[in-house]
Amino acid sequence: MNGQQRLDFQLTSIQGGRVTESLPDSYAVVKPAVLKTNVPVIPVTDSTCKGCTGDLHEAVQNEYRWLETVSNSKEYDIEERTLVSWGAYHAEHEPIKDFEPCVSALLPLFEEEAKSVAMIKHSFDVIKTSVEALNPGQNPAAYQEYSDSEEFDHKLDMEEWCLQMSTERPQFHYWFLTLKLELDALIFIRAIREGHFKFYIDALTRIIPWFFALDHIHYSRWLPVHVRDMTALSSTNPDAHVEFLSGKFVMHKTKKGFLQ
């Protein structure tokens with residue numbers, strides 16, 4: 001084949017172009033590290049590790065109130081202030097908080113395996129250094145038909161009605177389990193968005209059995225450990241526990257509510 005011979009391609013310096021500096025060795029180089037022992041040290045606590053069921057029960061009731069709001073809303077007759085979407089409903093009802101947005105940064109990825117001891121230690125070192133640099137000193141329809149019916153003198157609320165229907169109809173029981181899982185997931189998201197540490201622990205506690213049932217080995221193995229560490233925080237690290245309860249276990253990227 002006939003063709004035109006081309007010279008080897010070479011990059012030339014471009015005036016005014018953006019130059020990306022090399023990463024410092026303190027970030028890019030992962031130093032070797034090993035554990036001193038294969039037996040993990042489990043901190044001793046002076047109390048039973050359990051969730052705050054009272055707070056979570058109120059959160060679940062709040063989700064059912066949102067579902068009733070959706071159920072009572074008609075597509076052709078929605079008031080201007082009716083909040084149907086889950087996010088808008090909670091953003092409207094969340095108490096106003098005064099906080100400053102955090103400074104955030106996206107760090108480059110590493111080629112090393114995340115599970116290695118060296119990489120885990122290096123990650124904590126980098127995160128600690130980065131945080132100190134960025135923030136110095138940062139320490140449904142069927143129920144609607146039931147509600148509109150005049151056949152019953154005493155009307156059940158939505159959760160009581162679902163429990164009763166679950167005992168009578170196996171298929172309803174299946175969908176009620178699905179609904180509860182979805183509500184737990186929404187409460188978990190709400191805990192992150194509102195910076196509610198107790199909801200975060202309780203939502204995870206309720207979700208953990210699902211990981212066992214669905215055979216998610218790593219989540220079922222390590223989430224109980226994480227929940228145990230978080231519930232024991234009041235005795236293992238009281239200062240961090242106080243800060244977490246105040247909502248500082250999440251980042252506030254904006255001043256808007258429900259958007260942590």
Side-chain angles (χ1 to χ4, degrees), residues 49-73 78-79 81-102 104 138 140-141 143-144 157-163 166 175-214 216 219-220 222-234 240-260:
C49 297
K50 59 182 180 180
C52 311
T53 54
D55 292 334
L56 187 64
H57 179 72
E58 175 57 29
V60 173
Q61 293 302 314
N62 201 6
E63 298 303 328
Y64 280 109
R65 286 193 286 270
W66 163 66
L67 287 174
E68 291 184 13
T69 300
V70 176
S71 179
N72 294 330
S73 300
I78 298 181
E79 298 179 2
R81 295 292 297 171
T82 299
L83 302 172
V84 177
S85 74
W86 177 78
Y89 176 86
H90 285 292
E92 178 74 8
H93 291 81
E94 181 188 10
I96 299 177
K97 301 176 183 177
D98 185 18
F99 51 77
E100 290 294 329
C102 292
S104 60
Q138 174 178 321
Y143 177 71
Q144 181 62 35
D157 62 31
M158 188 171 187
E159 185 177 17
E160 293 174 338
W161 177 78
C162 289
L163 289 171
S166 296
W175 287 114
F176 184 47
L177 288 176
T178 304
L179 172 64
K180 290 198 295 184
L181 174 60
E182 292 176 348
L183 292 182
D184 289 339
L186 289 176
I187 293 174
F188 175 78
I189 298 172
R190 178 186 168 194
I192 300 296
R193 289 192 174 190
E194 294 183 0
H196 202 304
F197 186 57
K198 291 183 179 180
F199 284 179
Y200 171 79
I201 295 175
D202 290 336
L204 282 180
T205 303
R206 289 167 62 104
I207 293 174
I208 284 175
W210 287 96
F211 290 118
F212 283 90
L214 300 175
H216 290 283
Y219 285 105
S220 59
W222 291 111
L223 262 183
V225 176
H226 174 65
V227 170
R228 195 263 186 190
D229 289 342
M230 294 299 99
T231 54
L233 208 57
S234 58
H241 183 249
V242 172
E243 296 294 335
F244 279 14
L245 289 177
S246 67
K248 294 183 180 179
F249 77 103
V250 294
M251 292 179 56
H252 304 275
K253 300 188 69 174
T254 71
K255 279 183 170 291
K256 298 180 180 179
F258 210 63
L259 287 176
Q260 273 82 313

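Below, all heavy atoms of this structure are taken into account, side chains as well, without hydrogens, waters or symmetry copies. This chain uses plain numbering: 1 for the first residue, then up along the sequence.
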If you apply the rule side-chain contact (heavy atoms from CB on, under 4.5 Å), what do you find for Arg206 with Ile187, and how did you get there? CA-CA 10 Å; Arg206 289 167 62 104; Ile187 293 174; 5.7 Å; no
Candidate pair Phe199 and Ile192, rule side-chain contact (heavy atoms from CB on, under 4.5 Å), full reasoning: CA-CA 9 Å; Phe199 284 179; Ile192 300 296; over 6 Å; no
I need the Phe244 CZ to Lys198 NZ distance, nearest 0.5 Å. 15.0 Å
So how far is it from Ile207 CD1 to Leu223 CG, rounded to the nearest 0.5 Å? 8.5 Å
The test is side-chain contact (heavy atoms from CB on, under 4.5 Å); show your working for Thr205 and Thr231 and say whether it passes. CA-CA 11 Å; Thr205 303; Thr231 54; 5.8 Å; no
What is the distance from atom CD1 of Ile201 to atom CE of Met230, rounded to the nearest 0.5 Å? 7.5 Å
Neighbour count above 12 (heavy atom, 6.0 Å) for Tyr219 OH: no
Taking all atoms of both residues into account, what is the closest heavy-atom pair of Tyr200 and Ala191, and its distance? N-CB, 3.4 Å
If I compare all heavy atoms of Ala203 with all of Asp184, which pair ends up nearest, and what's the gap? CB-O, 4.0 Å
Which atom pair, heavy atoms only, marks the closest approach of Tyr64 to Phe176? OH-CE1, 3.2 Å
Applying side-chain contact (heavy atoms from CB on, under 4.5 Å) to Leu177 and Lys180, what does each step give before you reach the verdict? CA-CA 5 Å; Leu177 288 176; Lys180 290 198 295 184; 3.9 Å; yes
Which of parallel (below 30°), tilted (30 to 60°) and perpendicular (above 60°) describes His216 and Phe211? perpendicular
